Number of protein chains: 2
Amino acid sequence: MNTKYEQPGITVDLAIFTISNNKLKVMLIKRAEEPFRDTWSMPGGFLLHGESLEEAAHRVLCEKTGVKNVYMEQLYTFGDPKRDPRSRVITVAYFALIPWKELDQPESQKVADLTWSAVDGLPKLAFDHKIILNYAVKRLRAKASYSNIVYGLMPKQFRLSELQSMYEIIINDKLDKRNFRKQMLATGLLEETGKKDITGAHRPAMLYQFKKMEIAFFN
Amino acid sequence: MNTKYEQPGITVDLAIFTISNNKLKVMLIKRAEEPFRDTWSMPGGFLLHGESLEEAAHRVLCEKTGVKNVYMEQLYTFGDPKRDPRSRVITVAYFALIPWKELDQPESQKVADLTWSAVDGLPKLAFDHKIILNYAVKRLRAKASYSNIVYGLMPKQFRLSELQSMYEIIINDKLDKRNFRKQMLATGLLEETGKKDITGAHRPAMLYQFKKMEIAFFN
DNA sequence: TATACTAAGTGTATAATGAACACTAAGTAT
DNA sequence: ATACTTAGTGTTCATTATACACTTAGTATA
């Protein structure tokens, strides 16, 4: 390999989304080392020998969340020569969706170096992570409108009103209940479980689930 | 940098599309060196010191085509550990669109190590380039259906029938003339030039152009 | 135990959009 | 003058999207 060519470090950085308290949130890690020590950042890590990018992304995800089998896709690759002040580092950004219920850390019990931040109130972030996260939010919002990508944020079984609420939080707008139900059922992606959710002082709701845990596109 | 981390070579590889002879074609280069010597491959090259990914992609594009100011976007990053048999190389793939008329090499005068291959009849390709190109074609076809991305393939001024033909070639299907015209004009992205194309033994056609040379989304 | 409260669940009418379809117009060639 | 070629134009019908309000089935409480 000629020295005129770059041989940068490669990282994967993850935009890990969840919804809690009716807000779209993203996981942030407080950096323990320089540069940007004590600054919030996206969870990420260097690519290891022999590891594919997807493997690296899944490894980092599992390290930080303890969760496997979540929806994840490659987002974009950021390679500005000055994005890391130390040396050349190229990062391949991924975005992942996790149902809040599958995380073992309830919001109260948050550790000091990990937080879930609402996407419309991000703190100062290390490197170019604000650019990356804003790009990820844009992609998630766009994709929510023409696919069933929200399945990645749902528990296995859910009420239609919960599903509607997820959509509303992501696209940040209200939807009509009857039209939403008609459209969702018309996609053929949902099925009744037969079970009912009997919590709350009101009529019980049918619980639904996705037939396949796969992304599908509408239109 | 710790040795357990990868410091791979980084390349950019380009899916450069054009349309000629009513076919969607992609540029291929015959490799002069091992591995895959004498095998067709995507145009590409190693990232140079201090160069951003976009700069590298534009540099390679300009080296191969002599053309600047074309539509280009990042496609995907491919990082399988075994994708290059020599050593670890990660490639950031881009796709670019070039109007056939802007290329200075007419099809007759093709050089031996460069060709334009129809996308539905690709030869054997080096590395994972067939996977990358098929992915690029998929993206182009999808994007053609909900954006004006074809502007990247059009000359500055064109007949509506030419524009329709471009769409038909990309999506590989016939469109209704009257509906196509209605819809395209309804986007508000086109404007009449006032000039007419008087070639051919038939009624002259109004020449149109895009108001802005920017990608815009329908729906 | 009647009444209030809450979220679940359901249908219709109207507007907007998409799809199918055929002839006339304005040139050139013979 | 006639044939030929591509340009250019509207309407009807089907489908889809939108707006909108009441009844149902449970729990809580007075």
Side-chain angles (χ1 to χ4, degrees), chain A residues 19 21-22 142 144-148 150 154-155 157-209 216-219, chain B residues 19 21-22 141-142 144-148 150 154-155 157-210 216-219:
Chain A
I19 289 183
N21 290 117
N22 295 322
S145 67
Y146 61 85
S147 78
N148 68 335
V150 290
M154 303 301 294
Q157 305 194 339
F158 47 84
R159 293 173 281 131
L160 285 183
S161 60
E162 289 179 296
L163 185 62
Q164 181 176 347
S165 170
M166 291 291 178
Y167 272 94
E168 290 176 337
I169 290 163
I170 292 172
I171 66 175
N172 205 20
D173 201 3
K174 287 285 170 196
L175 298 171
D176 179 87
K177 181 160 72 160
R178 278 172 292 188
N179 292 337
F180 177 80
R181 287 168 172 247
K182 253 181 297 183
Q183 289 156 14
M184 286 308 301
L185 294 174
T187 63
L189 300 169
L190 292 174
E191 61 187 5
E192 293 189 358
T193 62
K195 287 184 243 169
K196 298 227 168 192
D197 178 351
I198 53 169
T199 61
H202 52 79
R203 178 173 177 174
M206 174 61 71
L207 288 171
Y208 288 81
Q209 61 193 9
F217 298 94
F218 310 152
N219 300 349
Chain B
I19 289 183
N21 290 117
N22 295 323
R141 293 208 154 116
S145 67
Y146 61 84
S147 79
N148 68 336
V150 289
M154 303 301 294
Q157 306 194 337
F158 47 84
R159 292 173 282 132
L160 286 183
S161 60
E162 288 179 295
L163 186 63
Q164 180 176 347
S165 170
M166 290 291 178
Y167 273 93
E168 291 177 336
I169 291 162
I170 292 172
I171 66 175
N172 205 20
D173 201 3
K174 287 285 168 193
L175 298 171
D176 179 87
K177 181 160 72 162
R178 278 173 291 187
N179 292 337
F180 177 81
R181 286 167 174 247
K182 252 181 297 184
Q183 289 157 13
M184 286 307 301
L185 294 173
T187 64
L189 299 170
L190 291 175
E191 60 187 7
E192 294 189 356
T193 62
K195 286 183 243 169
K196 299 226 167 193
D197 178 352
I198 52 168
T199 60
H202 52 80
R203 178 174 176 174
M206 175 62 71
L207 287 171
Y208 287 80
Q209 62 193 10
F210 283 101
F217 298 94
F218 310 151
N219 299 348

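A note on names: the letters A, B, ... follow the listed sequences, proteins ahead of strands, and every chain is numbered from 1. Since we're looking at a predicted model, the values are computed, not measured.
Here the shortest heavy-atom pairing between B:Met166 and B:Ile19 reads SD-CD1, 3.4 Å. Of all the heavy atoms in A:Leu163 and A:Val150, the pair that sits closest is CD1-CG2, 3.9 Å.
Note: CD (B:Glu192) to C1' (D:dG8) measures 11 Å, nearest angstrom. The nearest whole Å value for the distance from the CD atom in A:Gln164 to the P atom in C:dA8 is 9 Å. Put simply, CG on A:Asp197 is 11 Å from C1' on C:dA8, counting in whole angstrom units. As a whole-Å value, the separation of A:Phe180 CZ from C:dA7 P is 17 Å. The separation between B:Asp173 atom CG and C:dG18 atom C1' is 15 Å, rounded to whole Å. The CZ atom of A:Arg181 sits 18 Å away from the P atom of D:dC22 (whole-angstrom rounding). One interatomic measurement links the two molecules: CE of B:Met184 to C1' of C:dT17, which rounds to 17 Å at whole-angstrom precision. For the pair B:Leu175 CG and C:dA19 P, the computed distance is 10 Å after rounding to whole Å.
B:Lys182 contributes a side-chain N or O that forms a donor-acceptor pair with the base of D:dT11 under 3.5 Å.
The A:Arg159 side chain lies nearest to C:dA7 when the options are D:dT5, C:dA7, C:dT10. Here D:dA7 is the nucleotide among C:dA19, D:dA7, D:dG26 with the atom lying nearest to any side-chain atom of B:Lys177. Considering only side-chain atoms of B:Asn179, the nucleotide from D:dT18, D:dG10, D:dG26 that sits closest is D:dG10.
Note that CZ of B:Arg159 and CE of B:Met206 are 13.5 Å apart. Values are rounded to the nearest 0.5 Å.
Along DNA chain C, the nucleotide nearest A:Arg178 and the nucleotide nearest A:Ala201 are compared for position; the residue whose nucleotide lies closer to the 5' end is A:Ala201. Between A:Arg203 and A:Asp176, the one whose closest nucleotide on DNA chain C sits nearer the 5' end is A:Arg203.
In this structure, B:Ser161 does not reach the D:dT6 phosphate: none of its side-chain N or O atoms is under 4.0 Å from OP1 or OP2.
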Does the side-chain contact (heavy atoms from CB on, under 4.5 Å) test come out yes or no for A:Phe218 and A:Asn148, once each step is laid out? CA-CA 8 Å; A:Phe218 310 152; A:Asn148 68 335; 4.1 Å; yes
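Using cut-offs of 30° and 60° for the angle between ring planes, the A:Tyr167 and A:Phe180 rings count as perpendicular.
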